[in-house]
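The structure displayed is predicted, hence computed values, not measured ones. Side chains included, hydrogens not; waters and symmetry mates left out as well; all remaining heavy atoms used. Each ligand, and each atom within it, is numbered from 1 in the order the structure gives.
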Amino acid sequence: MDLTKRHLMAKAGIVGASALVAYTQASGAEEVAKTPFNVPLTTIPIVGSREVFPVRRIYCIGRNYEAHAREMGSDPTREPPFFFQKPTDAIQYVPPGQTINHTYPTLTKNYHHEIELVAVLSKGGRDIPVEKALDYVYGYAVGLDMTRRDLQRGMGNQKKPWEIGKSFDHSAPIGPIHTLDKVGHIKDGAIWLKVNGVIKQEANLSQMIWSVAEQISQLSFAFEMMPGDIIYSGTPENVGPVVAGDTMEGHIDGLPNISLKVI
Ligand code: MN
């Protein structure tokens, strides 16, 4: 069975048995609780495995490449890292070797691409030291932090939450997960994004201001990290708009490209 089929089957599944047991314990009932309707788990295929990765939370870091921080109007040398979240069902799985349709979202007139390395965790913890942080990583994937830039900026200007600009349906396209035994820890190498075959974003992963290890550590001071958490590790400079009809191709050295056509 190919990755897409397995992914779709997992998407159709209900919340897992462990969640039901936890619910039963919380409610004090002795019988296994049943849900009145099914809620799909969000999962991501794992290359070379029959298992799929269950997504618990999606964290994203802001302004993590110096030139991108400057283009967004901040001084990266003086600012601590900051994070936001997307809902887990914002994941849109992009099988390698295919171009999949990506629906232009509602409400925006300035829809931006942000190509990012995604680190996924298989262990949880609090107050994780930087030196230990990579022990929590299960693997890596190529992702896009799609952004309704006009709404993000508009809300930011009003000192209101970014939610509507960042945390909407299908705003987190992602390729399959590659485990450490296949790709090791990805710390440098090219990251680029093309629109209609033309390079728009291009940098090296080593140019991150806060490394993946530092991001995990920093997040763990604010939140208890858990297995299934994934982290979009920031985008380089030259973010920009796409419109219906455009094809985006995203690349990170060592991982297969992802390709999406905006419709
Ligand atoms: Mn981003």
Centroid-centroid distance, F83 to W210, less than 6.0 Å: no
Cut-off 3.5 Å, side chains only: do D89 and T42 have a donor facing an acceptor? no
Is NZ or CZ of K86 both nearer than 6.0 Å to the six-membered ring centre of Y59 and within 45° of the ring axis? no
Do any protein N, O or S atoms sit under 2.8 Å from the Mn ion (ligand 1), and which ones are they? E114 OE1, E116 OE2, D145 OD2
From CH2 (W192) to CG (N257), nearest 0.5 Å: 4.5 Å
Is it the case that one hydrophobic cluster holds both L205 and L134, taking links as side-chain heavy atoms less than 4.5 Å apart, direct or via other members? yes
Between the OH atom in Y93 and the CD1 atom in I100, the distance rounded to the nearest 0.5 Å is 9.5 Å
